Structures are given as C-alpha cells and as structure tokens.
Amino acid sequence: MDGVILIGQQETREGNGFFQATDPSSGTLIEARFPEATADHVAAACALANVAFDEYAMLAPEKTAQFLETIAEEILAIGDDLIVNAMQESGLPRARLEGERGRTVGQLRLFAALVRKGEWLDARLDPALPDRQPMPRVELRSRKIAVGPVAVFGASNFPLAFSVAGGDTVAALAAGCPVVFKGHPAHPATGELVAKAIGRAVAKCGLPAGVFSYLPGTTHKLGGALAADPNIKAVGFTGSRAGGLALMRIAASRAEPIPVYAEMSAVNPVLLLPAKLAADAEALGKAFIASLTMGAGQFCTNPGLLLAIDGPDTDRFTASAAEALAGNAALTMLTPGIHAAYCKGVDALSAHASVRLVARGLVGEGPHQAQAALFETDAASFLADEALGAEIFGSTSLLVRCRDAEELKRILSKLEGQLTATLHMSAADEQLAAALMPLLVRKVGRILANGWPTGVEVSHAMVHGGPFPATSDGRSTSVGTMAIERFLRPVCFQDIADALLPEALKSANPLSLPLRVDGALK
Ligand code: NAP
C-alpha cells in the first residue's frame, strides 16, 4: 500500500512520483512507496494552517490540553505496528524504540499539564491610574500568543521523540501554532503512522483541519519551499549543521524574515578533572565507552571530546577505555548516508598527522555498522586545527591531553557553542571547577557533573540548547516545557474594552489564569 501526503484531513497520493526508505540493517529498499510532496502541497498545507490559526491559537487551554492528550492516546493505539516500522526504518532496537514511544507520549502529557496551568500565557495587568501625576496611566493588559503556523523538520536519530509528534511539534501545538511537518525521508512509514494519529486527534477534538499537515519527501527543495512559505512564521529543526544553516539562510532572506530554531551540531566536551581521574580512572574509562557507544553514538549529546591533564592517570583512563572498546560490538547506523559520513570523519581523524588512535571497537558484520573509536591528540595540535573540533556523528571521540589547567581553559575558550559540558570531579577538584564554570556557562546549554551527557530528561528545568552552532538561537531549548517559549510572542491591549479582550485577559478571569498585577503574581 502506498503512503500519503496529508493536507489537513485530506489524504492524497498524487505527488511528484514516489520514494522508498532503506532498511539500514540489510541495505535493501523497503517495499512501501511514499509520494513526494510538491510545492503545491506546501502552499496548500500552509494556507490551511493559516486558516486554522485564529481559532486554534485562541482555544481554551483545557481544549488544547485535551488535544495533546488525545494525540498521545492515538499514538499508543497504533500498537506494535509503530515499533515494527520504526525498527525496520531506523535499525534501532525494539527496547530503545519502545522507550522512545514512552518519552513521546510522556512529553505530550507533560505539555498538556503545562498548558492547563496557564502560566505560559503570562497574563499581565497594569491597571489604569487616572489620577496619577503628572500624567494619568492607561490600562495595559498583555498575554503571550502563538506566533503563527510553524514548519517542523524532524531528526533521523529519534524517529518518534524528535520527529512527527516530537518536541518541536508538541511545543508549537501547545503554544497554539498549527504545524506543517516535513517528513524525514529515512522513516516515512513511521512518520505517516504518527501523522495519521495526529490527524485523528484533530478530528476527534473538533479542531480546524489545518492544525496539522504532513509532507513526506526527500528533497531539500521541498523543505526550502516550506521554510519560505509566507504563511509560516517560525521553523523548528533538528539535524545537520548544513541543513540548519540552509534553512536559516532561507528564513532570513524572505520578504518577512522568521526565526529558525535549529538544533545542529555539538561535540559535548567531557572534562576529566585531576583528583577524580586519580581516584577513578578505570571506572571512568569503562563508563565513558558505555556512553560513547550507546545507540551507535547517534545522539546530539554524544561525548565527542574529552579533555584531561596529561599524566599517568590519563594513561590509566585510556587503557581502561581501550579495553572496554576492544569488545564493543558495532551497531547499525540510521541511514547509509549517516554511516558514510561517520566513516569519512573517522578516516580523516585516522589520517591526521597529529592524531593517534587509542583503540577501536569490533568491526561490523552487517552493512552500515559503526565501528567505535577513540583517538587522542595534544592541546597544541587541537588548537592549531579547527577541523579537530568538528562533530563526527557516531561513536567516535577525541581525547585532548592538556599540559595543565591553563591549556585546558584555552581549549574551552576556543570551543564553539555546545549543547552540554560534563565535569568529572571530586571535592578536591572544586577550585578548578569553579574557575572553569564562567567559561562553561558562556559556552553551553547544560552543565553536568559526574554523569554522562547522553540521556536528556524531558522536564521543566531541562535545557537542550546552547550557543551557535549547537543551536541557531541559544535563547531557548528544544526539550522540556520551556520550549513553548519559542513559539510565543507577547501582545499588549491598551484601554481595550472587556468585550474585545481575549478570554485570558477579561476582568472576570473566566479561565482562572494566574495574573500578574502591577508586576506581582496574584
Ligand atoms: P539532515 O540531513 O539535516 O535532515 C534533517 C531534515 O532536514 C530532513 O527532513 C531533511 O530532508 C531536511 N533538510 C536537510 N537539509 C536541508 C536543506 N538544505 N534544505 C531543506 N531541508 C533540508 O539530518 P539527518 O538526516 O537527521 O542526519 C544527517 C546528519 O545530521 C548526521 O550525520 C548528523 O551529522 C546530523 N544530525 C545531528 C543531530 C543533532 O541532534 N544535532 C541529529 C541527527 C543528525 P531532505 O533530506 O529531504 O531535504
């Protein structure tokens, strides 16, 4: 059965031909065919989203919350078909995908709870002061509203939690923005199952059809047309640096430029501080390899860079890591393209005159499997070649041996923006950690101690963001409830009669929202 393009509630197979996904574990094409959406579909979906906007943006929070919960139920109702398709299209194991489904559903429910509470509307009232001298004050009321229809591009590495009903989609829908989703070409069957689940939730909740559309396709042209469509008011993206940059350029050169929230590349430095390394080098080596190789290293938070002060404790660490790596089985990567890019990156490190191989994992037995690797270099060489700081998406990391803490700081200060930085430290390292903290705060979205950056909690205080190029805009997060902020803007109502005000701002407070009066929360 061929797949479909979803323009609101309308399904069509009439695209610009068909495409098929590849099963990365066999390297063969999967039988099902999916239509390539065209520029006309982009225009139709975006126009429909624009029609839906006014009603959807002003929906009572309770109704939006129910919609998000209904999406969660509809995703669960797909059953095992979702997991089976995602396994075939991504090469990821069942347990990982079942966990990801749980995360996707949990994320929808978390946002539903957030929407219900209403704090995100940030309702404010500065009452009129007619007798104020020397000038009376007008009455001012404000709230946040949705920015408009949002284009979302999902990532290949989380076919559920960062895809069709993933973080960006949920944050946009929670804010009141209709979503037009560009399907990822690597997992079209998985994407369509989830898109149809969202479509059923739209119908069940009696929402306007344009609240959600789904455009499968394999061309940059399709995604470019979506980012350029005048009805789109913001873009959410997770993927490659090249893709994120291309969409940023398109968005900035529109007649009406729009924000792009792109989560792109990071090497997530892990700092092994001296006292901790002296105490725990062997255990750290093993734990590091477990984090590096999980899911073939296909995480935006993968620890791609290690910094340590050179000496015998660092040698103990590398010996232990090498031992753990030697028995590490190669895992299938998500797509042939990602595998090819990984091999190219590893080959470049292998061939680099200043880089030494510490150890490699086992050679893969099937197609598209990542053979993990750990390399090392010295700080001077690292500082001399920017290319050594680039992300290799997969289970490869580079250890930089620094002469002293000053050299370690110099490296940190030269690094690009990062999603995370990790400190492995004990009490005796506290002084050094304190000295590093201002640099880390400048550079990253999340600083963690004595853990590993892989594993991102979906919660209220989580920040999965960071300065460029970790993201295109370090002022926000793509994971956790703060992500709703990306798709909101404030609107102020000055001396507007109660009858004309949105429900959220009417004097009687019919939605029982928290209200900030003269700056103080009531
Ligand atoms: P990707 O190639 O950037 O693709 C992500 C989405 O954006 C796809 O729907 C893709 O569709 C679209 N796209 C890419 N370039 C575009 C362009 N120039 N114009 C318009 N649309 C564009 O990412 P991916 O497929 O997930 O993985 C490829 C590489 O991305 C990996 O090797 C890795 O380096 C990086 N990656 C990073 C993260 C992260 O979290 N930071 C996650 C996953 C992957 P089309 O190809 O159909 O245009």
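These numbers were taken from a predicted model, which means no experiment stands behind them. Below, all heavy atoms of this structure are taken into account, side chains as well, without hydrogens, waters or symmetry copies. All ligand and atom numbering here is 1-based and tracks the order in the structure. One-based numbering along the sequence shown.
Checked options D168, T238, V260, L226; the residue passing with F153 is L226 (criterion: side chain to side chain contact (heavy atoms under 4.5 Å, CB included)). Of the residues listed (R96, R101, R94), the one engaging E98 in a side chain to side chain donor-acceptor pair (under 3.5 Å) is R94, and it is the only one. Test S240, P469, S265 against E391 for side chain to side chain contact (heavy atoms under 4.5 Å, CB included) and you get one pass: S265.
Considering each of S240, G243, G239, the one bringing a non-hydrogen atom nearest atom 3 (O) of ligand 1 is S240.
Of the polar atoms of T238, none of the N or O atoms is found under 3.5 Å from an N or O of ligand 1, judged by distance alone. Annotation: E263 places an N or O atom under 3.5 Å from an N or O atom of ligand 1; distance criterion only.
Shortest non-hydrogen contact noted between P453 and L448 is N-CD1, 4.0 Å. Nearest heavy-atom pair across A372 and L325 is CB-CD1, 3.6 Å.
A donor-acceptor contact shorter than 3.5 Å links the side chain of K233 to the backbone of P230.
The protein heavy atom nearest to atom 25 (O) of ligand 1 is H184 NE2, 2.8 Å. Of the protein's heavy atoms, I338 CG1, 4.0 Å lies nearest to atom 28 (C) of ligand 1. In this structure, atom 13 (N) of ligand 1 lies nearest to the protein heavy atom H220 ND1, 4.1 Å. Among protein heavy atoms, the minimum distance from atom 9 (O) of ligand 1 is reached at K182 NZ, 3.2 Å. Closest to atom 21 (N) of ligand 1 among all protein heavy atoms lies F153 CE2, 3.9 Å. Of the protein's non-hydrogen atoms, F393 CD2, 3.6 Å is the one closest to atom 31 (C) of ligand 1. In terms of protein heavy-atom proximity, atom 18 (N) of ligand 1 is nearest to A246 CB, 3.2 Å. Nearest to atom 41 (N) of ligand 1 among the protein's heavy atoms is M264 O, 2.1 Å.
Ligand 1 lies out of reach of F299, whose nearest heavy atom is not under 4.0 Å from it.
Atom CZ of R475 has 12 or fewer heavy atoms from other residues, nucleotides or ligands within 6.0 Å. Residue-environment remark: CZ (R442) stays at or below the threshold of 12 foreign heavy atoms within 6.0 Å.
At a heavy-atom distance under 4.0 Å, only side-chain atoms of F237, from C-beta outward, approach ligand 1. Neither the backbone nor the side chain of L222 comes within 4.0 Å of ligand 1, counting heavy atoms alone. Counting heavy atoms closer than 4.0 Å to ligand 1, residue Q298 contributes nothing at all.
When ring centroids are compared, F299 and F393 stay outside the 6.0 Å threshold.
Every atom of ligand 1 is numbered from 1 in the order shown, and the set under 4.0 Å from a heavy atom of N157 is 42 (C), 43 (C). In summary, the atoms of ligand 1 found under 4.0 Å from a heavy atom of L247, numbered by their order in the structure, are 20 (C). Less than 4.0 angstrom separates some heavy atom of G217 from each of these atoms of ligand 1: 47 (O). Near C300, meaning under 4.0 Å from any of its heavy atoms, are these atoms of ligand 1: 39 (C), 40 (O), 41 (N).
No side-chain heavy atom of K182 sits under 4.5 Å from any side-chain heavy atom of V42.
For the residue pair H187 / N85, no side-chain donor-acceptor distance below 3.5 Å is found, with atom types taken as modelled. A donor-acceptor contact closer than 3.5 angstrom is absent between the side chains of T301 and N268.
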